[in-house]
Amino acid sequence: MSIGGVERTEAPDTQWVSEKTAAQLTGLSVHTLRGHRLRRKGLPYTKVGRAVRYSTIDIASFMQAHRIDFS
């Protein structure tokens, strides 16, 4: 699907959250998320103007990738 000339690749039920909410969901501080963006590591993000948004799908994938399983 194309929206405003941009191809839409995300699932239609993707939720976008602020950096504050992303910090709460991951247990990381907002300061850490900002540092990760500066160093181009950590969670993928989207910027719309000055607003930074994180996909809940990306947050879940990030948390799953960093999961420690003892079995």
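- Following chains of ILVMFWY side-chain contacts shorter than 4.5 Å, one can reach V52 starting from L28, so the two form part of one hydrophobic cluster.
- Using a 4.5 Å cut-off between side-chain heavy atoms of Ile, Leu, Val, Met, Phe, Trp and Tyr, with links allowed through other members, L25 and Y54 fall into the same hydrophobic cluster.
- For the pair S18 and R53, the minimum side-chain heavy-atom distance is below 4.5 Å.
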Considering only distance and modelled atom types, tabulate donor-acceptor pairs under 3.5 Å from the side chains of residues 61-71, sequence neighbours left out.
| from | atom 1 | to | atom 2 | distance (Å) |
| --- | --- | --- | --- | --- |
| S61 | OG | I57 | O | 3.1 |
| H66 | ND1 | F62 | O | 2.8 |
| D69 | OD1 | S71 | N | 3.3 |
| D69 | OD1 | S71 | OG | 3.0 |
| D69 | OD2 | S71 | OG | 3.2 |

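- Qualifying salt bridge (Lys or Arg N to Asp or Glu O under 4.0 Å) partners for R37, counting only residues two or more places apart in sequence or in other chains: E19.
- In this structure a side-chain-to-backbone donor-acceptor pair under 3.5 Å is present from T26 to A22.
- V17 and L33 fall within the same hydrophobic cluster, defined by Ile, Leu, Val, Met, Phe, Trp and Tyr side-chain heavy atoms under 4.5 Å apart, directly or through other members.
- Closest approach of I59 and L43 over heavy atoms only: CA-CD2, 3.8 Å.
- Nearest heavy atoms, S29 versus A23: C-CB, 4.0 Å.
- One hydrophobic cluster, built from ILVMFWY side chains closer than 4.5 Å, cannot hold both Y45 and V30; they sit in different ones.
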